Amino acid sequence: MTLNTKLSCRNVWKLYGANAEGFLSRNPSPSGEDIRRAGIIGAVRNARIDIAEGEIFIIMGLSGSGKSTLVRCLSRLIEPTGGQVLFDGVDLLTASEQELIEIRRHKMGMVFQHFALLPHLTVLQNVMFPLTVQAAPRAEAEAKAREVVELVGLKGREDYYPRELSGGQQQRVGIARSLVTEPDLWFLDEPFSALDPLIRREMQDEFLRLQARLHKTIVFITHDFEESVRLADRIAIMKDGEIIQVATPEELVLNPATGYVAEFTRHIPRSKVLTVGGIMTAGSGGEGEPVPAAARVSEVAEQIIAADAPRPVCDAAGRIVGSIGRMAVARVLFGKETAA
Amino acid sequence: MRPRLTNSGLAAWGLVLATILLGWFGRDLAKALDARWLVKVPSSWDFAFNTYISAAMTWLVEEAAIGPVSFTDATRAIAWLIEQPYELALNLLARGFLFDPGPEPQVLLPAASWIAVTAAVIALGHYCRSWGLAALVGACFAYLAVFGQWDSAMVTLASVLIAVPIGAGGGLLAGIWAYRHPLGERILSPVLDLMQTIPIFAYLVPILFMFGFGPVSALVATIIYATPPMIRITILALKAVDPEILDFGRMAGTTQRQLMWRVLVPSASQSLMVGVNQVIMLTLNMVIIASMIGAGGLGFDVLAALRRLDIGAGFEAGIAIVVLAIAVDRLSQAFAERIGQVHHTAPGSWAARNKRTVLVLSLLAVTWVLGRFSPLLLDYPQSQTITTGAFWNDTVKYLNVNYFDAFEAVKVFFLHWFLLPIKKTLLGIPWPWAIAMLTLLGWRAGGWKLAAMCGAMSALIAVSGLWAKAMVTVYLCGASVILATLIGVPLGVLAALNRRAGIAINLLIDTLQTLPSFVYLIPVVMLFRVGDFTAMIAIVLYALAPAVRYAAHGMRSVSGELIEAGLVSGCTKWQLLRLVRLPMALPEILLGINQTIMLALSMLVITALVGTRDLGQEVYIALTKADTGRGLVAGLAIAFIAIIADRLVNAGARGARIRFGLESRA
Ligand SMILES: Nc1ncnc2c1ncn2[C@@H]1O[C@H](COP(=O)(O)OP(=O)(O)OP(=O)(O)O)[C@@H](O)[C@H]1O
Ligand SMILES: [Mg+2]
């Protein structure tokens, strides 16, 4: 993971209520109690995140925790009540309307929970729409649109209308449409929540396949922890407008910052979250084929248990960094608590 | 909080009784006390509003100016803008393109042939839905040709073709403005509220004064009348667009204008078409009223026939309007539906994709060319038209000869036992008492603001010298509304409780609502001749629909839990209706009655045609004499009555909703 920061926000607040701005300027860091007493809703409270280039950053939380509001502040679809949003080092909140339009036209794409396709346009026209509003040459725009339609696997359905497609297909159109301008930054607001579980799974694979090719910087919202674990590089957990922890899935499970986070992660099988690197014994040793440190325990559990002796563990460069045996895996698979 | 009188119910009933008694004996009482001013506002008290208003209007038209642009310039510019497309449509459909530098105008190009126009609507019908619709609208237009109404119908159609785009387009733009700017909505929403309560004739006379007698005036009045619903629907439709779509549009980097016209308006197009359909129906509704200030066509034919009491001719033209309305309404509805559906463009050249357009255009060209040799291709031959006028006249004669006594008996019964007592009472109520009662009512229903408004408005009517005519108006509308309620609410209740009856009643109400208002007048005049009774029946027929609709809706929306609660506590069907359903549906029923009152008031100027002596007649006289002051004062008086009724009933409905916990006391 490169450490170039693509998008970051500092002290972002979004308060709803009468004269929320005045309230925040009088009291720049109000507590939850202050906000409640003033009769104001704190949809996002003091958010601070840094998202690295090429990273899949997932925002998680229960319904009403402020995920959508935060993402809309990051894209300035909603005007934050206070704070700073830096995109490639430029403060979005001070950008003019015109600059903002330019940024959105070329550098940002967004996918919506309920697809937000324009009902009066065909698949191809929907996908072309962002190029059309930029007055791009028609032939070029069409060629580009056909290309992304094919990329998301909808070739042959270019002339269908949205209501002639299934939910999964509609979301593919939404994805194609958000990619047609080749944005650097890709927002996805619960893109798969409206789909049934099988299709959701399929779309997640599709998403990973796309990302492996495109290397976008991604801000992804979901309230499904399993989905986060499958997709995320890092996860931010929100509660009542506040970000309580930002960490990799593994860290969240191993070191939850609060009881709330622990509760959140409890129902997911540990073997699907923890990596071999996280539970191995450091040093050299073991025999046989090395297993990669980055692999999830569930992926390699079977071969480790089947082997008679511990297996060596190697890092991304192929160096042996430790070993892992049956007991360690069994503890993850069956034990209540792992050694923290 | 409203103050609560002790025994307030008793006091209210006492006051009502006192009012009725005062009304009934008012005249005798005034005579006995030798205080005639009690029942008749002395003419020396009249404030000469009309003189001042006339003077103000004259000033407006002759002198008012902002900088170099005088008011007259502005009205002329508007008139010119409307006139250009109208002339074009009129020439194309009815008059033909003339070339007239000399005294003898020469026809350059005749009006489009009836064959071409009928083919065009058939093609439209097929395009919008199916051969079925094509056959229906084709038959409608063929009817117009065969029954000799073609020329007038095309004049009417030309004005519809102009009024609808201007009304719908203007409404859309105004709605967009209100959607974008909160200020716009704050300005527009009270104006729309007011427009909805002010009957059309309140502004007929000023329009006549500003634009002169002629089709332009008629178009302006029609547009003013037909636009408000479009504005409302536009605002609602834009607000109802899925917020995700809005977010998407902004994220795609649209400019304000692109966002509106490429994202929001197309996404809302289906709801917007409902508004367009409304505009069309209201435009057709205005056809006859518009002919009072200069629209020609079918409306004028009906009006002229009514004035001559030529029932046959009036009925024929009236039916032609209905036929035209049905065709246009069905076409626009089908078109709206089409917008909401999926269409795949066929491949091929433009001509291959637009076969219908090509066909119609070539038909038009062919009839124009061949029409020089055979006029049959241009105009439906006069000798082949069928007239039903004589038939209707004979029918009426037959009915009148054979059933005169029966009709007369019904009429006399209603007059004697229903209409005249109400009239006598209302005219007998001393006006100071009436004003006091209205003020009190306003206070009870909506606090001191409403009280002040009711008092001031009724006092203004009194000093304008129109008290007696206003009371006749109240009597005529009141009696009609009572009757419409007595018929409509039970029908609505029945429609809600019984599915089969509901279907039949809905069909009836739909039909009643598609018919332009005055069409009711003709058959009633045929049977009962002119007079209050005739006016009442026409009003009842016209104003019945909302009473039924709202009652049915109110009954249907009573919560199922409440009804179950009633059943569990052992209510019989009848008790359930009386104790649960009706009281809970009361607020809706009241709103329906409010709509009924508004429709009744808007029917007034038409009933003036049958010789009632009310404010409608006052406006009508002012129209014929082009007396602005008089027309405006009478129009305002109608508007005041409408506003008072509207606010009182609405406040009552709101009170009921609050009492039932359906709305909080905001
Ligand atoms: N326009 C608004 N006015 C007032 N409060 C709002 C507004 N928009 C959002 N909120 C409040 O802000 C909070 C966060 O809402 P948000 O939509 O961001 O939640 P979310 O995490 O996206 O939930 P979901 O999973 O249901 O989409 C909620 O409590 C909501 O009620
Ligand atoms: Mg959300």
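Here the structure is a predicted model, which means the values were calculated and not measured. A, B, ... follow the sequence lines: proteins, then strands. Residue 1 opens every chain.
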Trainee: Checking the side chain of Arg105(A) only, and the main-chain atoms of Gly253(B) only, is there a donor and an acceptor separated by less than 3.5 Å?
Mentor: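 Yes.
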Trainee: Say you draw a straight line from CE of Met251(B) to CD1 of Ile101(A); how long is it, rounded to the nearest 0.5 Å?
Mentor: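 Answer for the CE-CD1 pair, Met251(B) versus Ile101(A), is 12.5 Å.
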Trainee: Checking Phe220(A) now: which residues fulfil ring pair (Phe, Tyr, Trp, His ring centres under 6.0 Å) with it, not counting sequence neighbours?
Mentor: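 Expected list: Phe192(A), Phe207(A).
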Trainee: Within a strict 4.5 Å, meaning less than it, do heavy atoms of the Asp247(B) and Met110(A) side chains meet?
Mentor: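 Heavy-atom side-chain distance check fails, nothing below 4.5 Å.
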Trainee: Output the option from Gly249(B), Pro266(B), Pro243(B) having the highest count of non-hydrogen pairs under 4.5 Å with chain A.
Mentor: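 So the answer, after comparing Gly249(B), Pro266(B), Pro243(B), is Pro266(B).
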Trainee: Looking at Glu79(A), I'd like to know if its CD atom is crowded, meaning that more than 12 non-hydrogen atoms belonging to other residues, nucleotides or ligands lie closer than 6.0 Å.
Mentor: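 Yes, the 6.0 Å shell around CD holds more than 12 heavy atoms from other groups.
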Trainee: Between Ser68(A) and chain B, with a heavy-atom cut-off of 4.5 Å, which part of the residue counts as in contact: side chain, backbone, both or neither?
Mentor: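 Nothing of Ser68(A), per the 4.5 Å heavy-atom cut-off to chain B.
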Trainee: Heavy-atom pairs under 4.5 Å with chain B - which of Arg76(A), His114(A), Glu102(A), Met108(A) has more of them than the others?
Mentor: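 Ranked by contacts with chain B, first place is His114(A).
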Trainee: Taking the side chain as C-beta and beyond, is there a heavy-atom pair between His120(A) and Ser269(B) under 4.5 Å?
Mentor: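 No; the side chains remain at least 4.5 Å from each other.
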Trainee: Can you tell me if Lys107(A) has over 12 outside heavy atoms packed within less than 6.0 Å of its NZ?
Mentor: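 Counting neighbours around NZ of Lys107(A), 12 or fewer heavy atoms of other residues, nucleotides or ligands fall under 6.0 Å, so no.
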Trainee: Evaluate the side-chain proximity of Thr255(B) to Glu97(A): yes if any heavy-atom separation is below 4.5 Å, no if none is.
Mentor: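 A side-chain contact under 4.5 Å is absent here.
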Trainee: Under a 4.5 Å heavy-atom cut-off, does chain B meet the side chain of Phe187(A), its backbone, both or neither?
Mentor: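 Looking at Phe187(A), just its side chain touches chain B.
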Trainee: Please lay out, stage by stage, how Thr132(A) and Gln258(B) fare under the test side-chain contact (heavy atoms from CB on, under 4.5 Å).
Mentor: CA-CA 10 Å; Thr132(A) 319; Gln258(B) 287 174 327; over 6 Å; no
Trainee: Any idea which of Arg177(A), Gln134(A), Arg72(A), Gln113(A) has the most non-hydrogen atom pairs under 4.5 angstrom with chain B?
Mentor: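 Among Arg177(A), Gln134(A), Arg72(A), Gln113(A), the one with the most close pairs to chain B is Arg177(A).
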Trainee: Report, as yes or no, whether the 6.0 Å neighbourhood of atom NE2 on His553(B) holds more than 12 heavy atoms from other residues, nucleotides or ligands.
Mentor: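 It does not: His553(B) NE2 has 12 such atoms or fewer within range.
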Trainee: Tell me, for Leu121(A) versus chain B, whether the close heavy atoms (under 4.5 Å) come from the side chain, the backbone, both or neither.
Mentor: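 Neither part.
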Trainee: Specify whether Phe248(B) and Phe112(A) have parallel, tilted or perpendicular ring planes, treating 30° as the upper limit for parallel and 60° as the lower limit for perpendicular.
Mentor: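 Plane angle over 60°, so perpendicular.
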Trainee: Let me know if Gln98(A) has heavy atoms under 4.5 Å from chain B in its side chain, its backbone, both or neither.
Mentor: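 Interface part for Gln98(A): neither.
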Trainee: Tell me, yes or no, whether the heavy-atom count around Arg180(B) atom CZ, taken from other residues, nucleotides or ligands under 6.0 Å, exceeds 12.
Mentor: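 It does: Arg180(B) CZ has more than 12 such atoms within range.
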Trainee: Can you tell if the side chain of Leu118(A) reaches within under 4.5 Å of the side chain of Ser267(B), non-hydrogen atoms only?
Mentor: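 Yes, their side chains come closer than 4.5 Å.
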Trainee: Based on non-hydrogen pairs under 4.5 Å, which of Gln256(B), Arg250(B), Glu244(B) is most in contact with chain A?
Mentor: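 The residue among Gln256(B), Arg250(B), Glu244(B) with the greatest pair count is Glu244(B).
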